[in-house]
There are 2 protein chains.
Amino acid sequence: MDTITIKDIARALNLSTSTVSRALRDSYEINAETKRQVVEYAERLHYRPNPIAVSLKENRSRVIGVIVPQIANLFFSQVINGIEAVAYNRGYHVSIFQSHESYERELATVQQVVARKADGLLISLSSNTVDVSYLRQLQEKKLPIVLFDRASKDLDVPSVTADNFAGAFAATEHLIQMGRRRIAHVAIPASISIAQERLAGYRFALEKYGIPYDENLVRHAGFGPNEVEPIVNDLLIQSPDAFFAASDRLAIGCLATLKKWNIAIPGQIALIGFTNITVADLLDPPMTTVEQPALEIGQVAAGRLIDLIEGKQKTVSSDPVKIATRLVIRASTQAGL
Amino acid sequence: MDTITIKDIARALNLSTSTVSRALRDSYEINAETKRQVVEYAERLHYRPNPIAVSLKENRSRVIGVIVPQIANLFFSQVINGIEAVAYNRGYHVSIFQSHESYERELATVQQVVARKADGLLISLSSNTVDVSYLRQLQEKKLPIVLFDRASKDLDVPSVTADNFAGAFAATEHLIQMGRRRIAHVAIPASISIAQERLAGYRFALEKYGIPYDENLVRHAGFGPNEVEPIVNDLLIQSPDAFFAASDRLAIGCLATLKKWNIAIPGQIALIGFTNITVADLLDPPMTTVEQPALEIGQVAAGRLIDLIEGKQKTVSSDPVKIATRLVIRASTQAGL
DNA sequence: TTGTACGCGTTATCAG
DNA sequence: CTGATAACGCGTACAA
């Protein structure tokens, strides 16, 4: 292997490794000339310190581990972009991993990342994760952790999420103001923290407008490939006049099912997805959406984590940060109503 | 820090670290009883070898580095899923990184990953990467590398891509068979390897049906946020009767622009995207697409890489692997014609 | 200002 | 069968 080490430089310049080492970092009392020599030589040979050796020595890695349920999801991939932007600026590398909505893989991945001395963890919990004790243990070992999007009430850890309650409220209220009264809600799995918040926002809007809550109009869908259609079919039996879908995937599932039954959405069904769908404008009629500030969530989460890592946050104020969502009303949805 | 090491076990059991180490791996001549003791104690304390120390010692990490231009792209995220499935099964961890279509970031990321002793690299080149000499150097240092999707003719490295030529040919031929003659092609940046292949497939189809190639009908679009619309506008001046978009993003850009001008796609313009758009069925009319076998590309690429890593591939046959695409013809697109 | 020696956690070699 | 020792690359107390 011809990767060059501090030792090579030392030998070439007739110096000790410690002198070279010092010359390359703190100029902690080192002869200017020696330093110049070393730095120049190192430069010329493209010397790069071995991060593995440094990690072993210093017990850290300048790496932030990011674990998301799945990457094939515009929301998460955008959050990651936000994370990277901040982390990169502050001198950290970001390693990305997927839990594939599996508790076991989440656990294994986190263990691996921690074993590799990541300086901190940014996690969005898998839908199957109920036992978060492994995270609590890491937290007790002083490992900086920040949750985003999918947090856990069983964990006293800082979290950054969209304001799901307000977003769901806005979506539902919009539908109500368009004259709808029987609004079906296709929800994400109840085990996910934000499912409750979205449901609460939905219920609160109904309440505000004096519409009774009908549990038959609410169904949770999992992540299986063909789970949405039967659920939408069931909901259709309740003859809803609108749909509030709690995610991109569910919104698409709704649309597909409605299309299959040839139900014209504008006249009879209004649909709002809690989404980042980029093609919402292309649909006919365009879909009104609640957009999550994914980029910002990532940026804020990364910022908080790095503050924790660098000890700028003495008090770990674990009060959740809520980032405002945005209701995007597409023209002809309104027209259609 | 209360991470337990081999040394802790040795002390507790009055053994030397070397004995413990041996007991934990090769049972190479070790007393059965001693071994049992060690293993049991290690189990009880949840001992996990420090992967950083092992990497330093063995100069490898059982980690595969994956670098893609961007994660917020269904094609890439699905490829990654394919990669993970295979790598996981064969005992490797996968670390995911983005180059954000920047040569500099690609370079920096690869250097970082290599410095951390990744056992191999799976890369899809950024659109700005023209100088691949840094990869050639790594290759010469015997680092296993496999390119996927975006390869480079300047690099004699195994690659796995979709059969872009055949896919583009099939798409174009389909449009021709639907009676179109002036087929506009919105292409990805010419610097990307597969751009040429797709263009060639397009041209070959025209040729086969005796349609003259008109360079005014072909435009390349970059990755800027507002690049597609003006290009589509320009193309519209050439009064095309169909569009062949070379990617998801471009297809969406086409659709958006056409919708803006209120051009009814079915009657006047047929559109085919070289894509993985999941909502193609929802569009009105549904869009016919050429689907890339993303998952399979990832699986094959990961398989080849691991074969290389494990030396099963003595001869580095760098002949590119082409995976067949699938033309998905949506019913009413045909009807519309 | 520079060099020596040690440790981070692990494995491999060589004695015993 | 087991233990001492060296080595992977680096940083740092301690000595000079």
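Below, chain A is the first sequence line, B the second, and so on; all start at residue 1. The figures that follow rest on heavy atoms only: side chains count, while hydrogens, waters and symmetry mates do not.
One interatomic measurement links the two molecules: NZ of A/Lys117 to C1' of C/dC8, which rounds to 10 Å at whole-angstrom precision. Atom CG in B/Asn31 sits about 11 Å away from atom P in D/dG3, given to the nearest Å. Atom-to-atom, CG of B/Asn14 to P of D/dG3 comes out at 9 Å; the value is rounded to the nearest Å. As rounded to whole Å, 16 Å separates atom P of D/dC1 from atom CZ of B/Arg36. In this structure, B/Ile9 atom CD1 and C/dG9 atom P are separated by 13 Å, rounded to whole Å.
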Legend entry - Where protein sits on nucleotides 7-15 of chain D, one letter per nucleotide: B base, S sugar-phosphate only, - none, heavy atoms under 4.0 Å: BBBBBBB--
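Counting heavy atoms of neighbouring residues, nucleotides and ligands inside a 6.0 Å radius, atom CD of B/Glu43 does not exceed 12 of them.
Across all strands shown, A/Thr34 has heavy atoms under 4.0 Å from sugar-phosphate atoms exclusively, and none from any base.
Using a 4.5 Å heavy-atom cutoff, the side chains of A/Arg304 and A/Val321 are in contact.
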Inset, instruction - For the pair A/Asp307 and A/Arg90, evaluate salt bridge (Lys or Arg N to Asp or Glu O under 4.0 Å) and give the outcome as yes or no after the intermediate values. - result: CA-CA 10 Å; A/Asp307 284 349; A/Arg90 297 182 64 172; 3.1 Å; yes
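Here the rule is side-chain hydrogen bond (donor to acceptor under 3.5 Å, both in side chains) with A/Gln70, and of A/His100, A/Glu101, A/Gln98 only A/Glu101 fits it.
Taking CD from A/Glu84 and CG from A/Leu295, the interatomic distance works out to 11.0 Å, rounded to the nearest 0.5 Å.
With no hydrogens or angles considered, a side-chain donor-acceptor pair links B/Tyr134 and B/Glu106 at under 3.5 Å.
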